[in-house]
Amino acid sequence: MLRRQRQLRVRVHKLIDLALFALAFWLAHLLRANADWFSPWLFGLLARLGGTANIDPFIDYTWLFVIVVLLTPPVLESQGFYDRPLLGSRRQTVWQLFRACALIAGGAIVVQFFVREQLARSVFVFFGGISFLLVLTKEEVVRRILESRSGRDRMRKRLIVAGTPEDTARLDGYLASHGSPEF
């Protein structure tokens, strides 16, 4: 039963992460296409680095968008992002997520290079950063929910004891000495 719950939870997180990566790709294009509107400083930096004011419309990025969306779950899984404990260390979460976002963004740049498309590479750099922030925010929200009182109540394992009074007293004594004080 617990294995099925874990599998279901991982599937839900994969779908949410997939949607967040897709949103991040679209937001990265939107940010780059409107860099002069969002931040004149950012637009000036892009101009000094050789970027142009206008970039291709999002429809030209859709083929790469599909590749990024299809590769996101396997890359996250290969980094062990879904194998960690439910309330694992933040450092491990950040490091695994950073590596996955860097691999996906770098992979998108490499694919674009080999296909010889001339798309704005800053979109992929923005994509890596935005996807990292979105998924990390989701992980923090999930952590806060699980650490709340209602989250702890939902995650607490319940135990039903059936047996003779002597057996239940012996089990109660064992749990009191070895188990959690919440029993």
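Just so it is clear, the model here is predicted, and its values are computed rather than measured.
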Engineer: Out of curiosity, Ile130 CD1 to Leu30 CG, how far, rounded to the nearest 0.5 Å?
Structural biologist: 8.5 Å
Engineer: Any donor-acceptor pair under 3.5 Å linking the side chain of Thr164 with the backbone of Asp167?
Structural biologist: yes
Engineer: Tell me whether Leu23 shares a hydrophobic cluster with Val125, the cluster being built from Ile, Leu, Val, Met, Phe, Trp, Tyr side chains joined at under 4.5 Å.
Structural biologist: no
Engineer: Which heavy atom of Asp17 sits nearest a heavy atom of Val135, and at what distance?
Structural biologist: OD1-CG1, 3.8 Å
Engineer: Using every non-hydrogen atom in the two residues, find where Val68 and Ala108 come nearest and quote the distance to one decimal.
Structural biologist: CG2-CB, 4.0 Å
Engineer: Any ion pair linking Glu77 and Lys14 (charged N to carboxylate O, less than 4.0 Å)?
Structural biologist: yes
Engineer: Look at the aromatic rings of Phe25 and Phe127 and report parallel, tilted or perpendicular, splitting at 30° and 60°.
Structural biologist: perpendicular
Engineer: In Å and rounded to the nearest 0.5 Å, what is the CG to CG distance from Leu20 to Leu15?
Structural biologist: 11.0 Å
Engineer: Locate the shortest heavy-atom distance separating Phe21 from Ile104; write the atom from each residue and the value.
Structural biologist: CE2-CD1, 3.7 Å
Engineer: To check you understand the geometry: which heavy-atom pair defines the closest contact between Gly128 and Cys101, and what is its length?
Structural biologist: O-CB, 3.8 Å
Engineer: Might you point out which heavy atoms bring Trp63 and Gln112 nearest each other, and give the distance in Å?
Structural biologist: CH2-CA, 4.4 Å
Engineer: How long is the straight-line distance from CZ of Phe65 back to NE2 of His29, given to the nearest 0.5 Å?
Structural biologist: 12.0 Å
Engineer: CG of Leu31 to CH2 of Trp26: how many Å apart, nearest 0.5 Å?
Structural biologist: 11.0 Å
Engineer: Taking all atoms of both residues into account, what is the closest heavy-atom pair of Val69 and Ala22, and its distance?
Structural biologist: CG2-CB, 4.1 Å
Engineer: Start with the C-alpha gap between Val75 and Arg99, add the side-chain angles, then the distance that decides, and say whether side-chain contact (heavy atoms from CB on, under 4.5 Å) holds.
Structural biologist: CA-CA 9 Å; Val75 170; Arg99 283 189 319 217; over 6 Å; no
Engineer: Side chains of Phe132 and Val94: does their closest heavy-atom pair fall under 4.5 Å?
Structural biologist: yes
Engineer: Please walk me through it: do Phe126 and Leu27 pass side-chain contact (heavy atoms from CB on, under 4.5 Å)?
Structural biologist: CA-CA 8 Å; Phe126 291 156; Leu27 285 174; over 6 Å; no
Engineer: Glu139 and Leu97: side-chain contact (heavy atoms from CB on, under 4.5 Å), yes or no, with the steps?
Structural biologist: CA-CA 10 Å; Glu139 289 295 319; Leu97 184 60; 5.5 Å; no
Engineer: Quick one: list whatever passes salt bridge (Lys or Arg N to Asp or Glu O under 4.0 Å) with Arg91, sequence neighbours left out.
Structural biologist: none
Engineer: Nearest 0.5 Å, please: how far is NE2 in His13 from CG in Leu76?
Structural biologist: 12.5 Å
Engineer: Apply the test side-chain contact (heavy atoms from CB on, under 4.5 Å) to residues Phe81 and Thr93: give CA-CA distance (whole Å), side-chain angles for both, the deciding distance (0.1 Å), then the verdict.
Structural biologist: CA-CA 7 Å; Phe81 191 70; Thr93 301; 4.0 Å; yes
Engineer: Find the distance between CD1 (Ile67) and OG1 (Thr72) and round it off to the nearest 0.5 Å.
Structural biologist: 11.5 Å
Engineer: I'd like to know if Ile16 and Tyr82 are part of one continuous hydrophobic network [Ile/Leu/Val/Met/Phe/Trp/Tyr, side-chain heavy atoms within less than 4.5 Å].
Structural biologist: yes
